[in-house]
Amino acid sequence: VTEARVKTAALELAVGREFDTWGEFRVGLRRTTGDVDIKVGQLGLLPEGPFDQGEFFARLSADTLDDVAFPRSGLNAVLEWRGSRPDALSADFDFDQLRLSASFAKTWNRYTVLSTIRYDTTLNGVAPLTSEFRFGGLFDLSGLGRQMLSAQNVGRIGASFYRQVNDVALFPAFVGVSLEYGDAWATREAISFDDALLGGSIWVGVDTPIGPIYGAYGRTRDRDSAFYLVLGRIF
């Protein structure tokens, strides 16, 4: 309906503490300025022009995964609160959000199961377009385009089952399948998994010195489909 280009510049300052080798806690503030330019569509459907965002945040994270690209054991979890404050940080909007993500890997011989969960919610207020949660893509509801959906609330559970196969040019190679179930909602009251989206993929991956490379085909229950070629970590 409408297409916009968003340009942003951000600065983040934080202090924190590390916990051994498994986690950290940090608090800080994040300041963002930018501009929204409507390229196609009707004016007024999206906010246009310059914007300012200022947020306090607190984040607790734990990471015991043995590999950032193709983990075979361990846990990764992140819990973050962020609050936008017009008075204290001259932000354009007043809202609070909570983000939770976790993944757990377990391996038997060459076979690994990686289970994941994601829940992002706007606790109060209404976040602007630039602070809405993006949803969709490989392993984040395979079959949809990357960040195809945008909303105030997002929830998803998933699992990927993969096997290490013969190395490709001396680099570890994997083949696998994934299944994800989730959706995006405009309000917290609307959150329900009764009509959520179901997606899955078949994929191959290679762990290279420049990062993991994935090739995949994904499809949803509603017959949306997509081919993916991705460089970089996406779990």
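All residue numbers refer to positions in the sequence shown, counting from 1.
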Inter- and intrachain pairs under ring pair (Phe, Tyr, Trp, His ring centres under 6.0 Å), touching residues 109-131, at least two apart: Y111-F161
For R99, salt bridge (Lys or Arg N to Asp or Glu O under 4.0 Å) partners two or more places apart: D120
Residue pairs involving residues 182-192 (criterion salt bridge (charged side-chain N to carboxylate O under 4.0 Å, His left out); sequence neighbours excluded): none
Salt bridge (charged side-chain N to carboxylate O under 4.0 Å, His left out): pairs with one or both residues in residues 17-27, sequence neighbours excluded: E24-R26
Verify same cluster id: F139, V177 (apolar side-chain graph, 4.5 Å): no
Step-by-step side-chain contact (heavy atoms from CB on, under 4.5 Å) determination, T116 to F104: CA-CA 7 Å; T116 63; F104 176 75; over 6 Å; no
Backbone N/O of S142 and side chain of S201: donor-acceptor pair under 3.5 Å: no
Whether over 12 other heavy atoms sit under 6.0 Å from N109 CG: no
Residues clustering with F95 (ILVMFWY side chains joined when closer than 4.5 Å, directly or via others): F93
Listed partners of Q164 passing side-chain hydrogen bond (donor to acceptor under 3.5 Å, both in side chains), at least two apart: R72
side-chain hydrogen bond (donor to acceptor under 3.5 Å, both in side chains) partners of residues 132-141, not counting sequence neighbours, each pair once: R118-D140, E132-S150, E132-Q152, R134-S150, D140-R156
W185-F193 aromatic ring centre distance below 6.0 Å: yes
Residues which pass salt bridge (Lys or Arg N to Asp or Glu O under 4.0 Å) with D37, listed by chain and number, not counting sequence neighbours: K39
Ring centers of W203, Y228 separated by less than 6.0 Å: no
Short side-chain donor-acceptor distance under 3.5 Å, T220 and D222: no
S131 and Q53: CA distance, side-chain angles, deciding distance, side-chain contact (heavy atoms from CB on, under 4.5 Å) verdict: CA-CA 9 Å; S131 293; Q53 293 178 204; 3.1 Å; yes
Parallel, tilted or perpendicular: ring planes of F174 versus F70, cut at 30 and 60 degrees: parallel
Pairing residues for F56 by the ring-ring contact (aromatic ring centres under 6.0 Å, His included) criterion, not counting sequence neighbours: none
Shared hydrophobic cluster, L179 / I117 (ILVMFWY, side-chain heavy atoms < 4.5 Å): yes
Salt bridge (Lys or Arg N to Asp or Glu O under 4.0 Å) partners of K7, counting only residues at least two apart: none
For D52, salt bridge (Lys or Arg N to Asp or Glu O under 4.0 Å) partners two or more places apart: R31
Where at least one partner belongs to residues 8-39, residue pairs that pass ring pair (Phe, Tyr, Trp, His ring centres under 6.0 Å), sequence neighbours excluded: F19-W22
CD-CZ distance between E180 and F135, expressed to the nearest 0.5 angstrom: 8.5 Å
No-hydrogen, no-angle side-chain donor-acceptor test under 3.5 Å, E55 and S84: no
